[in-house]
Amino acid sequence: MQDHIAELLRTALTQVAAGPFPSLEQPDRIGIERTRDASHGDFASNVAMASAKSARANPRQIAEAIVAALPNSPQVEKVEIAGPGFINFFLTSDAATAVVGQVLDAGEAYGRAAAPSGRKVMVEYVSANPNGPLHVGHGRGAALGDCVANLLEAAGHSVGREYYVNDAGRQMDILAASIWVRYLELHQVTVAFPTGGYQGEYVREIARNLEQSHGDRFVHSGAAIVNGIGHDAPAGDKDAFVDALIAKMKTLLGEGFAIVHAAGLDSQLADIRDDLEGFGIVYDRWFSEASLVQDGAVEHALDRLKASGHTAERDGALWLKSSEMGDEKDRVLVRANGAYTYFATDIAYHLNKLERGFDTLVNVWGADHHGYIARMRAAIEALTGSDEALVVRLSQFVSLFRAGEKVGMSTRAGEFVTLRELRGEVGVDAARFFYVMRSSDQPLDFDLALATSQSNDNPVYYIQYAHARICSVLQQATDAGIHFDAMTGRGALARLTEPHETAVMGLLATFPERVEQAAAQYSPNIVANALRDVAEQFHSYYNAHRFLLPDDPELTQARLTLVVAVRQVLANGLGLLGVSAPESM
RNA sequence: GUCCCGGUAGCUCAGUUGGAUAGAGCAAGCGCCUCCUAAGCGCUAGGUCGCAGGUUCGACUCCUGCUCGGGACGCCA
């Protein structure tokens with residue numbers, strides 16, 4: 001409809017430029033927006049104001065000339081000039097009700113792009129280190145990433161979803177050492193648990209499983225272990241101590257180290273996968289960091305970086321001169337000891353994604369990765385000559401509130417609320433909706449009591465209830481012997497003239513635009529807001545009018561048709577967020 | 001110190017590419033179920049859009065400075 005109006009305006013502008021206002025220049029883009037107030041019509045344009053400068057005239061006079069030159073359209077009822085020079089378009093009722101047919105024809109596809117965009121987008125999300133269960137902060141990134149991927153698919157892009165598994169770094173070694181110490185405790189070998197280790201109960205569980213499958217294979221005496229590895233905090237440095245413990249473990253266990261390491265990795269990865277599946281999230285691929293090292297992808301990436309001329313060797317290490325590309329300092333790629341940094345393997349992963357044909361790489365990261373963005377931009381620029389392929393969405397921190405008390409979180413101390421616990425407490429629907437209903441730029445206060453309350457305080461139920469109510473109405477119709485017939489209803493849409501009905505149809509018409517906008521901005525909260533608006537307008541309509549009218553079968557069919565279209569839009573929107581659309585509540 | 005995000009109603013937050021009288025929910029107050037689900041609806045009240053300049057026909061929106069809150073600044077991942 002915007003396109004149609006824009007066309008009318010262009011025709012008129014050409015005439016105006018040829019006639020009364022010769023200096024008027026055609027604007028590149030004609031601003032047309034939906035009005036907020038029904039008294040301003042359905043659409044409004046500000047072209048007259050935007051053209052005031054080039055035409056060197058008062059906006060209202062220009063608007064009058066434009067309106068006089070506007071071609072007639074069967075879809076436009078009337079046109080008015082208002083305020084400082086807005087041109088307001090009032091649609092005919094046929095044009096307004098047409099959206100109901102469009103929704104029913106498109107069905108599940110309503111709100112989705114009509115044609116493929118040809119773009120290939122990779123969305124990488126969560127990618128938490130597999131050294132412990134996911135907590136509620138990861139949950140936000142999970143919900144956000146999954147919804148963004150859904151939105152990009154709706155926008156017509158070909159979308160990949162991946163979890164980058166950090167299975168090659170020090171953190172995983174620390175997990176292995178933590179498991180080993182717990183395992184030793186099972187064999188009455190007491191080694192003080194390292195301050196820098198992972199203390200969660202899940203570590204003991206992995207140790208017990210290891211003990212069951214491998215018996216005493218990894219047992220060594222306490223004296224042999226402690227010998228020469230220095231002191232833990234507070235007497236010594238806790239990081240140095242953990243590293244020394246890991247080194248000692250590798251020496252004593254030999255190939256056994258890999259078994260303990262794998263026991264930790266496999267168990268945590270399986271747990272995370274199960275957790276995310278329970279949250280409605282399924283990846284196309286779990287991409288191993290270690291595999292990049294093994295198959296030479298990291299060397300390949302480093303070669304590409306060196307060829308770009310953006311690297312330098314200094315102090316025995318290889319650096320990316322990222323400060324030349326917007327980063328605040330240069331970054332190490334290969335340490336003086338020859339080991340790749342996490343940054344280097346991550347660059348290799350990003351290059352891999354580009355080489356697989358993805359033109360846009362969306363990364364959903366926790367807000368604590370903010371400092372990492374500039375260097376990754378620099379890396380992408382060094383590889384491709386531009387950083388535009390990289391899109392980063394940060395998910396700001398989540399604070400949980402239980403009974404008004406803020407619940408603390410610390411992964412190392414093993415004190416955190418897990419995503420699994422959250423799902424158990426509030427359910428998948430409420431959790432997913434709460435996670436994405438706010439802008440991801442905004443820290444989230446997650447109120448557990450609110451998410452579980454079955455009251456009108458709870459926004460997710462408000463929307464689901466609208467859907468269930470419509471299902472209930474249709475059930476009531478069936479029970480009353482009214483056979484819903486969409487053909488009859490669509491033929492009678494002209495009967496829908498109540499302001500409530502006009503408002504509902506207007507929102508249905510806006511829905512695809514809002515989905516498109518949400519995709520363009522990687523912002524699922526826009527869909528959450530659109531859903532709330534539709535639900536609100538429906539509930540208001542429901543209270544103001546009855547749908548089942550025994551004395552007026554034609555109007556009954558028309559209203560049921562509208563309401564079925566509303567149900568379709570609610571279901572489509574909830575589907576984009578990964579929230580269920582219940583038929584009864 | 002540098003950089004990023006934020007500051008909008010008592011609280012939690014929307015606010016499209018710069019547009020008309022800045023919106024919603026909760027909380028507060030008053031109403032609405034012999035009627036398709038009251039998990040709902042209607043009405044009332046509530047504002048220096050952090051502060052000060054600038055850009056322009058027009059600024060919550062863009063620019064500059066300041067201020068307050070959160071975060072990031074490692075040869076960790």
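The chains referred to below are lettered A, B, ... by the order of the sequence lines, with proteins before strands, and numbering in each begins at 1. Since we're looking at a predicted model, the values are computed, not measured.
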Short side-chain N/O contact to B:C41 OP1/OP2 from A:Tyr462, under 4.0 Å
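Indeed, a polar side-chain atom of A:Tyr462 lies that close.
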
Report which part of the nucleic acid [X] touches: base, sugar-phosphate, or nothing (heavy-atom distance under 4.0 Å, all strands).
X: A:His539; answer: sugar-phosphate
X: A:Glu513; answer: nothing
X: A:Ala82; answer: base

Tell me the interatomic distance from A:Trp365, atom CH2, to B:A77, atom P, rounded to whole angstroms.
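That distance rounds to 15 Å.
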
In this structure, how many angstroms lie between the P atom of B:C33 and the CZ atom of A:Arg546, rounded?
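Rounded to the whole Å, the gap is 14 Å.
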
Tell which nucleotide pairs with [N], taking only Watson-Crick or G-U wobble pairs whose two distances are both under 3.5 angstrom.
N: B:G47; value: none
N: B:G6; value: B:C68
N: B:G1; value: B:C73
N: B:U16; value: none

Tell me whether A:Arg375 is salt-bridged to A:Asp330, with the criterion being a basic N under 4.0 Å from an acidic carboxylate O.
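A:Asp330 and A:Arg375: not salt-bridged.
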
Under a 4.0 Å threshold between the charged nitrogen and the carboxylate oxygen, would A:Arg377 count as salt-bridged to A:Asp327?
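Salt bridge absent between A:Asp327 and A:Arg377.
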
Is the ring of A:His370 stacked on the base of B:G71, with centres less than 5.5 Å apart and planes under 30° off?
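No, A:His370 does not stack on the base of B:G71.
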
Which whole number of Å gives the distance between the [atom1] atom of [N] and that of [M]?
N: B:U16; M: B:G10; atom1: C1'; answer: 29 Å
N: B:A24; M: B:U44; atom1: P; answer: 11 Å
N: B:G53; M: B:G6; atom1: P; answer: 24 Å
N: B:U48; M: B:C60; atom1: C1'; answer: 13 Å
N: B:A9; M: B:C49; atom1: C1'; answer: 11 Å

Check the chi torsion on B:C33 and let me know: syn if it falls within 90° of 0, anti if not.
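Nucleotide B:C33 adopts syn.
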
Choose from [options] the nucleotide whose nearest atom is closest to any side-chain atom of [X].
X: A:Glu328; options: B:C73, B:A14, B:C36; result: B:C73
X: A:Phe86; options: B:C73, B:G19, B:C36; result: B:G19
X: A:Trp319; options: B:C75, B:G6, B:U17; result: B:C75

In terms of ring plane angle, is the pair A:Tyr349 and A:Phe287 parallel, tilted or perpendicular, where the classes change at 30° and 60°?
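Because their plane-to-plane angle lies in the 30° to 60° range, the rings of A:Tyr349 and A:Phe287 count as tilted.
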
Side-chain donor/acceptor of A:Asn88 to base of B:A20, under 3.5 Å:
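Yes, the side chain and the base share a sub-3.5 Å donor-acceptor pair.
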
Kindly say whether, by distance alone, the side chain of A:Asn46 makes a donor-acceptor pair under 3.5 Å with the base of B:G19?
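Under the 3.5 Å cut-off, the side chain and the base do form a donor-acceptor pair.
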
Taking the six-membered ring for Trp, are the ring centroids of A:Phe446 and A:Tyr435 within less than 6.0 Å of each other?
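Under 6.0 Å, so yes.
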
What residues from residues 553-565 of chain A pass a heavy-atom cutoff of under 4.0 Å to RNA chain B?
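Correct list: empty, so none.
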
